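Beneath this line is the structure, given in structure tokens, with notes to follow.
Note that the coordinates shown come from a computational prediction; the quantities given were computed from them, not determined experimentally. Just so you know, these numbers use all the heavy atoms, side chains as well, and skip hydrogens, waters and symmetry mates. Position 1 is the first residue of the sequence; numbering continues from there.
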Amino acid sequence: LQMLDTVLAQNGVAMVLSGDKAVKAVPADRAVMESPPEITLPWQMLPDSASCMSRTVRVQHFKPSEVVPMLAPLAKLPGGIVAIDNQHLLILRDYSANIRQELRLLETLEKSKSGERN
């Protein structure tokens, strides 16, 4: 299924889970509007595929809007990174492989920033 998601994504089609037993095919640029499923696995366990997903991340050492420009080059879906500064949250909506890279970068940034403060 992940391979099929990836092939379809390369052709501008995103598959978005719709409930427990169905998926919906949508144009890739509309995928973030379809409310993809929230996946909470650690970034190391996320598939390196084009499966559409969502992830909410609490940012500890940065203002969320500060990291958006750093994450944006890793994003594929337009509007897939939303910063909510007053709650210290980032909402990532993209393909699994991209969110995996974004989470890895966030982890690195957070660790380096916390090391500066100690």
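For the atom pair CZ of R55 and CD of E38, the computed distance is 7.0 Å after rounding to the nearest 0.5 Å. Between the CG atom in D48 and the OG atom in S96 there is a gap of 7.5 Å [rounded to 0.5 Å]. Atoms OG and CG, on S49 and D5 in that order, are 6.0 Å from each other to the nearest 0.5 Å.
For the residue pair A83 and V68, the shortest heavy atom distance occurs at CB-CG2, 3.8 Å. Across every non-hydrogen atom of N98 and A75, the tightest pair is ND2-C, 4.0 Å. Heavy-atom minimum distance, C52 versus P37: O-CD, 3.8 Å. Across all their heavy atoms, E110 and F62 have their closest contact at OE1-CD1, 3.5 Å. For the residue pair Y95 and A28, the shortest heavy atom distance occurs at OH-CB, 3.3 Å. The two residues L46 and R100 have their closest heavy-atom pair at O-NH1, 2.7 Å.
A single hydrophobic cluster is seen to contain both L109 and W43, as judged by linkage of ILVMFWY side chains at heavy-atom distances under 4.5 Å, directly or through other members. No continuous path of hydrophobic side-chain contacts links V26 to I99 [ILVMFWY only; heavy atoms under 4.5 Å]. L92 and M45 fall within the same hydrophobic cluster, defined by Ile, Leu, Val, Met, Phe, Trp and Tyr side-chain heavy atoms under 4.5 Å apart, directly or through other members.
For S65, the side chain to side chain donor-acceptor pair (under 3.5 Å) partners are D85, not counting sequence neighbours. Remark: K63 engages no residue in a salt bridge (charged side-chain N to carboxylate O under 4.0 Å, His left out) (not counting sequence neighbours). Contacts of R30 classified as salt bridge (charged side-chain N to carboxylate O under 4.0 Å, His left out), with partners at least two apart in sequence or in another chain: E34. Listed by chain and residue number, L8 satisfy the side-chain contact (heavy atoms from CB on, under 4.5 Å) test with L4 (two or more places apart in sequence, or in another chain). With sequence neighbours excluded, no residue forms a salt bridge (charged side-chain N to carboxylate O under 4.0 Å, His left out) with K76.
A 4.5 Å side-chain heavy-atom check between I81 and E102 finds at least one atom pair inside the cut-off. Contact annotation: the side chain of L90 approaches that of L71 to within less than 4.5 Å [non-hydrogen atoms, C-beta and beyond]. Using a 4.5 Å cut-off on side-chain heavy atoms (C-beta onward), R104 and L106 make no contact. By the 4.5 Å heavy-atom criterion applied to side chains, M53 and D94 are not counted as neighbours. Proximity of K24 to M15: side-chain heavy atoms (C-beta onward) are nowhere separated by under 4.5 Å.
Applying side chain to side chain contact (heavy atoms under 4.5 Å, CB included) to L103 and the options L74, T108, V57 leaves one that passes, V57.
Judged by distance alone, the side chain of R93 and the main-chain N or O of P78 form no donor-acceptor pair under 3.5 Å.
L89 belongs to a hydrophobic cluster whose remaining members, ordered by chain and number, are V82, I84, I91; membership requires side-chain heavy atoms of ILVMFWY residues under 4.5 Å apart, directly or through intermediates.
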